[in-house]
J.: 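Questions regarding the structure given below will be posed in turn.
Start at 1 and go down the list; that is how both ligands and their atoms are numbered.
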Amino acid sequence: MTQTTVDAPAKDRARIPARTLRTDRWWSYPLTTFIVFTAWVIYATVRSMMGSSFWVEKYHYLTPFYSPCVSKACPADAADFGRFVPDHLPFFIPYALISLPFLLGFRLTCYYYRKAYYRSFWLTPSACAVPDKSPVRKTPGRYSGETRFPLILQNAHRYFWVIAALISIVNTWDAINAFHGEDGGFGIGLGTIILWVNVILLWGYTLSCHSCRHVMGGRLKSFSKHPVRYWLWTQISRLNTRHGQFALITLGTLALTDAYVALVAHGSFSDLRLFN
Ligand code: FES
């Protein structure tokens, strides 16, 4: 029996006039993903470039879209990592310019997001048993997957992971700072809780990464000789089964956290205070 592969020339495939024989709603996943991702990217781009409503002085709430805040335009208390970037840069340079490009690279090269945007934006393919739209994939011999430039750059994911882990530490520091009361002492508000929920889920996303799993237990010939790494690998493997959920949920918590900080900073409503 002849086996048909993705790269097989069209003449080797069964000749079916219909575009696909699938009758279920296979298009709902790529369409929903396209709408959600597009809306998120527009929101995140606008917010990162606004240059306002990113910091609540009274409670030390800093939105993750501006962390670490390293522009000379950042308030002193929001800039724990220094203010070394001039404040007269073009509007499209965000205040958190040392973290956002790496976080973007981290998400763009994530296995989960690759699957999502290959299906939803590039339509290569949109779903199983639905033909590709890409002219490259349709041309026999031209498709090289992720083995050549530019898609071989997806292999940089493991390096983006290291930087993303460092940025998660910065986000954790921001959440610790959010235990700030009106009188300058200890305090807790709804914003503190939102920042903590967001950072815990960000850690869930970062630690459940496939690269993290490989760092913990990859290239080991004998688990019994490395019990600590084996234990870590086991825990990360459990988290890893939920990586796609963490990827999606953290998109939501990032936007919600930013929106909450922005509305409180703007004065649209007051923070709900639980203590001081
Ligand atoms: Fe998704 Fe690494 S595979 S963050």
Side-chain angles (χ1 to χ4, degrees), residues 29-30 32-41 43-45 48 64-65 67-68 94 96 98-122 124-128 144-175 195-220 229-258:
Y29 170 83
T32 309
T33 308
F34 180 85
I35 293 170
V36 171
F37 281 20
T38 303
W40 195 91
V41 167
Y43 175 84
T45 305
S48 305
F65 287 174
S67 178
I98 62 165
S99 62
L100 293 186
F102 294 106
L103 291 177
L104 182 67
F106 182 52
R107 296 239 172 195
L108 278 178
T109 57
C110 162
Y111 296 168
Y112 171 80
Y113 285 100
R114 284 189 224 177
K115 171 187 148 189
Y117 65 77
Y118 285 2
R119 289 189 175 188
S120 309
F121 288 80
W122 295 354
T124 57
S126 307
C128 294
S144 59
E146 295 175 343
T147 61
R148 277 189 237 151
F149 184 82
L151 291 185
I152 197 169
L153 295 178
Q154 302 281 29
N155 287 304
H157 184 67
R158 65 202 71 174
Y159 307 111
F160 282 124
W161 175 78
V162 174
I163 299 170
L166 292 174
I167 295 169
S168 292
I169 294 172
V170 172
N171 294 144
T172 308
W173 176 251
D174 295 336
L195 281 163
W196 270 101
V197 168
N198 179 55
V199 83
I200 288 168
L201 288 166
L202 283 179
W203 274 115
Y205 174 61
T206 309
L207 294 177
S208 64
C209 167
H210 296 70
S211 293
C212 177
R213 185 168 175 262
H214 182 72
V215 166
M216 296 304 166
R219 303 174 73 95
L220 285 184
R229 287 187 65 187
Y230 175 63
W231 183 84
L232 289 169
W233 178 83
T234 310
Q235 305 310 313
I236 298 297
S237 297
R238 283 205 186 110
L239 271 182
N240 182 257
T241 61
R242 303 199 177 279
H243 187 61
Q245 291 165 13
F246 280 121
L248 209 51
I249 291 169
T250 49
L251 276 191
T253 59
L254 278 167
L256 278 173
T257 306
D258 175 75

J.: When rounded to the nearest 0.5 angstrom, what distance separates CD1 in I200 from OG in S168?
T.: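 It is 12.0 Å, given to the nearest 0.5 Å.
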J.: How about C110: does one of its N, O or S atoms come closer than 2.8 Å to atom 1 (Fe) of ligand 1?
T.: yes
J.: Give the numbers and elements of all ligand 1 atoms closer than 4.0 Å to a heavy atom of F106.
T.: 4 (S)
J.: Got an N, O or S from C209 under 2.8 Å of atom 1 (Fe) of ligand 1?
T.: no
J.: Who gets closest to atom 3 (S) of ligand 1 by heavy atom: H214, R213, H210?
T.: H210
J.: Given that the side chain starts at C-beta and the backbone is N, CA, C, O, which of these parts of Y205 lies under 4.0 Å from ligand 1, counting heavy atoms, or is it both or neither?
T.: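 For Y205, the contact with ligand 1 is made by the side chain alone.
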J.: State whether H157 contributes an N/O/S atom found under 2.8 Å from atom 2 (Fe) of ligand 1.
T.: yes
J.: Please determine whether any non-hydrogen atom of W161 lies less than 4.0 Å from an atom of ligand 1.
T.: no
J.: For atom 1 (Fe) of ligand 1, find the closest N/O/S atom on H243 and give its atom name.
T.: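 Within H243, restricted to N, O or S, atom 1 (Fe) of ligand 1 is closest to atom NE2.
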J.: So do the side chains of L254 and D258 get within less than 4.5 Å of each other, counting heavy atoms only?
T.: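 Counting from C-beta outward, L254 and D258 never come under 4.5 Å.
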J.: For T109, run the side-chain hydrogen bond (donor to acceptor under 3.5 Å, both in side chains) check against R114, Q154, H157 and tell me which one passes.
T.: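 Testing T109 for a side-chain hydrogen bond (donor to acceptor under 3.5 Å, both in side chains) against R114, Q154, H157 leaves exactly one candidate, H157.
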J.: Against H243, only a single residue in Y111, Y113, Y205 fulfils ring-ring contact (aromatic ring centres under 6.0 Å, His included); can you say which?
T.: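 Looking at Y111, Y113, Y205, the match for H243 under the ring-ring contact (aromatic ring centres under 6.0 Å, His included) is Y205.
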J.: Looking only at side chains, do T172 and W203 share a donor and an acceptor under 3.5 Å apart?
T.: yes
J.: Test your reading of the model: is there a side-chain donor-acceptor pair from S208 to the backbone of N240, 3.5 Å cut-off?
T.: no
